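What you see below is based on every heavy atom in this structure, not just the backbone, and it leaves out hydrogens, waters and symmetry mates. Predicted model only: the values in this text are computed from it and were never measured.
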Amino acid sequence: MKHEEQSSLKIRMLHNVEDLEDVRKLESLVWSFEDSIPVNQSVAVVKNGGFILGAYYQEKLIGFQYSFPGFDGKKVYLVSHSLGIHPDFRRFGIGEKLKRAQKNTAGEMGYDVITWTYDPLETVNGNLNLHKLGAVVRKYIPNIYGEMSDQLNAGIATDRFLVEWWISQSKSNSVTGNDLHSAIDLKECEHGWLVDKVDLTISQNHISVSVPGHFQEIKRENLSLAIDWRKKTRDVFSHYLNHGWIVTDLVKDNEHPGQYLYLMEKGDHDNGN
């Protein structure tokens, strides 16, 4: 798909069984048949407060986004369960377009917040979720899915950030990462950078947390280093998030090539503000 052809991309809500079967087939291609959502479950979701968006190029389904309602005992919110793009159409920003369509649809349906999880060491996802979309993180969940055998997760704990994307949120980030006190000191090694030490005593209102920009490559070349990154970043994120900090952005680390910085703020931020 050329840049000038992207204007022909169409995103719409899916309702009928035929369209939802196409979603199941695409989901099987993106991940596996075992991981695909049965059509009868998809039908139940779209008829009970959830929705599924399809992205079409030349009448072909090339991407989808799947959401269902959640309830924590106090309020209803929208859970962003999955998003998939056909392998031939990645790197065209279709995922971001689907997410923005999701936000518009959620607002029209009366939701005020969307939540989902992602691995904080997957910086491509972090860049989209925090830097481009403007979501925030207030909670870190260790090993939420237990042991998984797929290519992305095998051999390492499935820790996740819980993302909050507020419909009415307007966020600006004026602080840059290299201006902040870092909660992680780095040391260069054969496979890039390793954590030299962590600092859990910072009292400033803004800090940064370094993460590698090529985590899957580290996993393939040195699994023990990848596991160390998981453990050390778990300690840092769990500590500061449990003490009222908020993850607000992900930016490149100008001082350490190949690294990224999560930006964190301290304070009593009202949800949605």
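With hydrogens and angles ignored, the 3.5 Å screen pairs no side-chain donor or acceptor of Arg138 with any backbone N or O of Glu164. Judged by distance alone, with hydrogens and angles left aside, the side-chain atoms of Ser238 form no donor-acceptor pair with the main-chain N or O of Asp235 at under 3.5 Å. Judged by distance alone, the side chain of Trp165 and the main-chain N or O of Leu133 form a donor-acceptor pair under 3.5 Å. Remark: the backbone N or O of Ala44 is paired with a side-chain donor or acceptor of Asn48 at under 3.5 angstrom. In terms of modelled atom types and a separation under 3.5 Å, the side chain of Trp193 and the main chain of Val211 share no donor-acceptor contact. Using a distance-only test at 3.5 Å, with no hydrogens or angles considered, a donor-acceptor pair links the side chain of Thr158 to the main chain of Gly146.
Taken from OG in Ser182 to CG in Asp199, the straight-line distance is 8.5 Å, to the nearest 0.5 Å. To the nearest 0.5 angstrom, Lys231 atom NZ is 9.5 Å from Ile156 atom CD1. With values rounded to the nearest 0.5 angstrom, Ser67 atom OG is found 8.5 Å from Ile52 atom CD1. Taken from OH in Tyr260 to OG1 in Thr123, the straight-line distance is 5.5 Å, to the nearest 0.5 Å. Between the CG atom of Leu20 and the NZ atom of Lys25 there is a distance of 12.0 Å, given to the nearest 0.5 Å. The distance from atom CG of Asn205 to atom CD of Glu265, rounded to the nearest 0.5 Å, is 9.0 Å.
Phe89 and Phe92 have tilted rings, their planes meeting at an angle from 30° to 60° on a 0 to 90° scale. In this structure, His239 and His243 have tilted ring planes: the angle between them lies in the 30° to 60° band.
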- Query: Passes side chain to side chain donor-acceptor pair (under 3.5 Å), Gln259 versus Ser210? Steps please.
  - Reply: CA-CA 7 Å; Gln259 295 292 116; Ser210 182; 3.0 Å; yes
- Audit row: Ser8, Gln58, side chain to side chain donor-acceptor pair (under 3.5 Å) steps and yes/no: CA-CA 7 Å; Ser8 63; Gln58 295 181 348; 5.9 Å; no
- Message: Run Asp112 and Trp166 through side-chain contact (heavy atoms from CB on, under 4.5 Å) and show every step you take.
- Response: CA-CA 6 Å; Asp112 60 2; Trp166 291 87; 4.1 Å; yes
- Message: Run the salt bridge (Lys or Arg N to Asp or Glu O under 4.0 Å) test on Glu21 and Arg24 for me, step by step, so that the C-alpha distance in whole Å, both residues' side-chain angles and the decisive distance to 0.1 Å come before the verdict.
- Response: CA-CA 5 Å; Glu21 175 62 23; Arg24 188 196 64 78; 2.6 Å; yes
- Message: With side chain to side chain donor-acceptor pair (under 3.5 Å) as the criterion, how do Asn222 and Ser224 come out once you've worked through the C-alpha distance, each side chain's angles and the decisive distance to 0.1 Å?
- Response: CA-CA 6 Å; Asn222 190 329; Ser224 63; 2.7 Å; yes
- Task: Start with the C-alpha gap between Gln216 and Leu121, add the side-chain angles, then the distance that decides, and say whether side-chain contact (heavy atoms from CB on, under 4.5 Å) holds.
- Result: CA-CA 9 Å; Gln216 290 301 320; Leu121 294 178; over 6 Å; no
- Task: Check the pair Asp249 / Val136 against side-chain contact (heavy atoms from CB on, under 4.5 Å), numbers first and verdict last.
- Result: CA-CA 7 Å; Asp249 203 358; Val136 297; over 6 Å; no
- Task: Apply the test side-chain contact (heavy atoms from CB on, under 4.5 Å) to residues Val113 and Lys75: give CA-CA distance (whole Å), side-chain angles for both, the deciding distance (0.1 Å), then the verdict.
- Result: CA-CA 10 Å; Val113 65; Lys75 67 173 297 176; 4.0 Å; yes
- Query: After noting the C-alpha distance and the side-chain angles of Tyr118 and Asn129, does the key distance pass the side chain to side chain donor-acceptor pair (under 3.5 Å) rule?
  - Reply: CA-CA 9 Å; Tyr118 82 93; Asn129 296 336; 5.0 Å; no
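Inter-residue side-chain proximity for Leu9 and Ile94 is flagged as met; some heavy-atom pair is nearer than 4.5 Å. The side-chain heavy atoms of Phe64 and Leu26, taken from C-beta on, include a pair separated by under 4.5 Å. Two residues are said to be in side-chain contact when any heavy atoms from C-beta on lie closer than 4.5 Å; Val137 and Ile246 fail this criterion. Using a 4.5 Å cut-off on side-chain heavy atoms (C-beta onward), Val163 and Thr117 make no contact. Counting only heavy atoms from C-beta outward, the side chains of Leu263 and Val251 approach each other to under 4.5 Å. In this structure, the side chains of Tyr111 and Val76 come closer than 4.5 Å at one or more pairs of heavy atoms. Between Leu186 and Glu255 there is no side-chain heavy-atom pair separated by less than 4.5 Å. Met264 has its side chain within reach of Leu241: a pair of non-hydrogen atoms, C-beta onward, lies under 4.5 Å apart.
Both Met109 and Ile114 are part of a single hydrophobic cluster, where members link through side-chain heavy atoms under 4.5 Å apart. There is a path of hydrophobic side-chain contacts, each under 4.5 Å, that joins Val45 to Val17. Val124 and Trp229 are not part of a single hydrophobic cluster, where members link through side-chain heavy atoms under 4.5 Å apart.
Here the closest non-hydrogen pair linking Lys60 and His86 is NZ-NE2, 4.0 Å. Contact record, Ala183 with Ile207: CB-CD1, 4.4 Å, taken as the closest heavy-atom pair. The minimum heavy-atom distance between Gly49 and Leu78, with the atom names listed, is O-CD1, 4.5 Å. Here the closest non-hydrogen pair linking Ile167 and Gly107 is CG2-CA, 4.0 Å. When every heavy atom of Tyr140 is checked against every heavy atom of Pro120, the shortest pair comes out as CE1-CG, 3.8 Å. Here the closest non-hydrogen pair linking Ile141 and Leu162 is CD1-CB, 4.3 Å.
Remark: Tyr262 engages Phe161, Phe237 in a ring-ring contact (aromatic ring centres under 6.0 Å, His included) (not counting sequence neighbours). Every ring-ring contact (aromatic ring centres under 6.0 Å, His included) that Tyr240 has, sequence neighbours left out, goes to Trp245. Not counting sequence neighbours, His181 has no partner by the ring-ring contact (aromatic ring centres under 6.0 Å, His included) test. For Met13, the side-chain contact (heavy atoms from CB on, under 4.5 Å) partners at least two apart in sequence or on another chain are His15, Phe51, Leu53, Thr105. Not a single ring-ring contact (aromatic ring centres under 6.0 Å, His included) links Tyr77 to another residue, sequence neighbours left out. Lys252 is linked by a salt bridge (charged side-chain N to carboxylate O under 4.0 Å, His left out) to nothing, counting only residues two or more places apart in sequence or in another chain.
Put simply, the residue from Ile37, Asp19, Leu14 that forms a side chain to side chain contact (heavy atoms under 4.5 Å, CB included) with Ser42 is Ile37.
A cation-pi geometry, defined here as NZ or CZ lying under 6.0 Å from the six-membered ring centre and within 45° of its normal, holds between Lys99 and Trp116. Relative to the ring axis of Tyr145, Arg160 does not place its NZ or CZ within 45° and under 6.0 Å from the centre.
Around atom CD of Glu59, no more than 12 heavy atoms belonging to other residues, nucleotides or ligands sit under 6.0 Å away.
Asp185 has no carboxylate O lying under 4.0 Å from a charged side-chain N of Lys232, or vice versa, which leaves the two without a salt bridge.
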